[in-house]
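The chain is numbered in sequence order, starting from 1. None of these values were measured; they are calculated from a predicted model. Computed from heavy atoms alone, side chains included, the values below leave out hydrogens, waters and symmetry copies.
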Amino acid sequence: MEFKGAMGGLYRLTEWITRLAASNLLWAICSSPFLFFMIMKLLVMQQNLANESLQMNWAIAIVAPLTLFPATSALFTVVRKWNMGDTDVPIFRTFFTGYKENYKQSLIGGIFYTLLFAIMYLDYTVYMTQFRNMQLVGIIMLVLLLLLFVSLFNFFSMVVHYHMSIGLIIKNAVLLTLIRPFRVFSTLLGSGLLFYIGLRYPVLFIFFIMSIVAWFAFFNFYATYNKMQEQMQKIQLQKEEEEAAALAEKSGEQDEAQSSESAENKEFTQQK
């Protein structure tokens, strides 16, 4: 049964709220160890407990590749279907199929990104607090951290969209972030706004924030992917046209040479 008018709009809105909430809730459940240590980290930071804060950092670094990264890949599996027009996809089955299929690559990529985030964040903290005369380096590290954050979204999009090695996925995720600055800026701005809203209303992280961020990030990635595909097709078509023109020119030269040779043979026969 299909509703029209205001009822139809309200029905579709309810459908999307249900989709976003269901997929986000599955992500939160699968990421619960990471979320638990993040909450504990925030609590100990408010109480200025340095040792406990450091322990939470270690805990977060350990559980992130094991839980957060596979869960986020599974969430991107769902939003990929939505962006490609399959909005009625079964969320539960699609989520856990993506979780299982992409677990290994998500785990390896999670270890790489976690180590890189930890090293760069440590450098940023040291340069901004310990070396006052080198804060410019700290600012550069902060910019690199933001770029790395955006490349993380491209990483998840590529994990669920391509069949390639984890090394190529990480390499292309970083390259795509660097060569598409507009998409980088829009993804960063949109994600930052949503995270800001989530910090003001933390319950939204459980039901909506991550699914919306994932949808928006894959939307940007898929738009970039389609544009690059169009450019590649144009280049391939231009190459084929140039090859056809070169072949036609070569064929014309051969025909001209044959005609000239035939005329010379005819003249030689007449002279004899």
In terms of the angle between their ring planes, are Phe95 and Tyr99 parallel, tilted or perpendicular, with boundaries placed at 30° and 60°?
parallel

Begin from the C-alpha positions of Thr97 and Thr77 and carry the test side-chain contact (heavy atoms from CB on, under 4.5 Å) through to its verdict.
CA-CA 9 Å; Thr97 298; Thr77 303; over 6 Å; no

Pick one: which of Ile206, Ile209, Thr72, Val78 meets side chain to side chain contact (heavy atoms under 4.5 Å, CB included) with Trp27?
Thr72

If you measure from CD1 on Ile17 to CG on Leu10, what distance do you get to the nearest 0.5 Å?
8.5 Å

What closest approach, in Å, do Tyr103 and Leu66 show between heavy atoms, and which atom pair accounts for it?
OH-O, 3.2 Å

Please assess His161 against Met84 for the test side-chain contact (heavy atoms from CB on, under 4.5 Å), listing each intermediate value before the final yes or no.
CA-CA 11 Å; His161 197 65; Met84 297 181 72; 4.1 Å; yes

May I ask you to decide if Leu20's main-chain N or O and Asn24's side chain share a donor-acceptor pair within less than 3.5 Å?
no

Do you reckon Leu35 sits in the same ILVMFWY cluster as Val203, going by side-chain contacts under 4.5 Å, direct or chained?
yes

For atom CZ of Phe208, is the number of surrounding heavy atoms from other residues, nucleotides or ligands below 6.0 Å larger than 12?
yes

For Phe117, is the CZ atom crowded, meaning more than 12 foreign heavy atoms sit under 6.0 Å from it?
yes

When you group the ILVMFWY residues by side-chain heavy-atom contacts below 4.5 Å and let the links chain together, are Leu145 and Ile119 in the same group?
no

Trp58 reachable from Leu107 in the ILVMFWY side-chain graph, under 4.5 Å edges
no

Gap between atom CG of Leu54 and atom CD of Glu52 - 0.5 Å precision
9.5 Å

Nearest 0.5 Å, please: how far is CE in Met120 from CG in Leu144?
4.5 Å

Main-chain N/O of Val160 paired to Gln105 side chain as donor or acceptor, under 3.5 Å
no

What are the two closest heavy atoms between Leu204 and Ile197, and how far apart are they?
CD1-CG2, 3.8 Å

Taking all atoms of both residues into account, what is the closest heavy-atom pair of Ala22 and Ile91, and its distance?
CB-CD1, 4.2 Å

How are the rings of Phe219 and Phe216 set to each other: parallel, tilted or perpendicular (split at 30° and 60°)?
parallel

Sole residue of Phe221, Phe218, Phe69 in ring-ring contact (aromatic ring centres under 6.0 Å, His included) with Phe156:
Phe69

Just by modelled atom types, is the Leu148 backbone N or O under 3.5 Å from a matching donor or acceptor in the Ser151 side chain?
yes

On a heavy-atom basis, which atom in Ala71 and which in Cys30 lie closest, and how many Å separate them?
CB-CB, 3.7 Å

Are Leu178 and Leu142 co-members of a hydrophobic cluster defined by side-chain heavy atoms under 4.5 Å apart?
yes

Taking the side chain as every heavy atom from C-beta outward, state whether Tyr225 and Leu176 have any pair of such atoms under 4.5 Å apart.
no

Verify, without hydrogens or angle tests, whether Tyr162 (side chain) and Ser157 (backbone) share a donor-acceptor contact under 3.5 angstrom.
no

Between Val63 and Phe37, does the side-chain contact (heavy atoms from CB on, under 4.5 Å) criterion hold? Intermediate values first, please.
CA-CA 9 Å; Val63 301; Phe37 287 118; 3.9 Å; yes

Taking the inter-plane angle between the rings of Trp82 and Trp16 on a 0 to 90° scale, is it parallel (under 30°), tilted (30 to 60°) or perpendicular (over 60°)?
perpendicular

Which residues share a side-chain hydrogen bond (donor to acceptor under 3.5 Å, both in side chains) with Asp88, sequence neighbours left out:
Arg19

Answer yes or no: is there a side-chain heavy-atom contact under 4.5 Å between Leu25 and Ile29?
yes

Scanning both residues in full, the closest heavy-atom pair of Thr67 with Pro33 reads CG2-CG, 3.9 Å

Set out, in order, the CA-CA distance, both residues' side-chain angles and the distance that settles side-chain contact (heavy atoms from CB on, under 4.5 Å) for Gln55 and Val44, then state yes or no.
CA-CA 10 Å; Gln55 292 174 0; Val44 298; over 6 Å; no

Do the side chains of Phe195 and Met210 get nearer than 4.5 Å, heavy atoms only?
yes

From Ile235 CD1 over to Lys239 NZ, what is the distance, rounded to the nearest 0.5 angstrom?
10.0 Å

Spacing of Met158 atom CE and Phe76 atom CZ [to the nearest 0.5 Å]
12.0 Å

Contact check, side chains of Phe155 and Ile166, non-hydrogen atoms, under 4.5 Å
yes

Using the rule that two of Ile, Leu, Val, Met, Phe, Trp, Tyr join whenever any of their side-chain heavy atoms come within less than 4.5 Å, decide whether Leu175 and Leu116 are in one cluster.
no

Side chain proximity check, Val213 to Phe153, heavy atoms < 4.5 angstrom:
yes

Show the nearest heavy-atom pair for residues Ser106 and Ser73, with the distance to one decimal.
OG-OG, 2.6 Å

Answer yes or no: are there more than 12 heavy-atom neighbours, outside Met45 itself, under 6.0 Å from its atom CE?
no

Is there a donor-acceptor pair closer than 3.5 Å between any side-chain N or O of Thr114 and the backbone N or O of Ile111?
no

If you round to the nearest 0.5 Å, how far is CG of Leu146 from CE of Met141?
11.5 Å

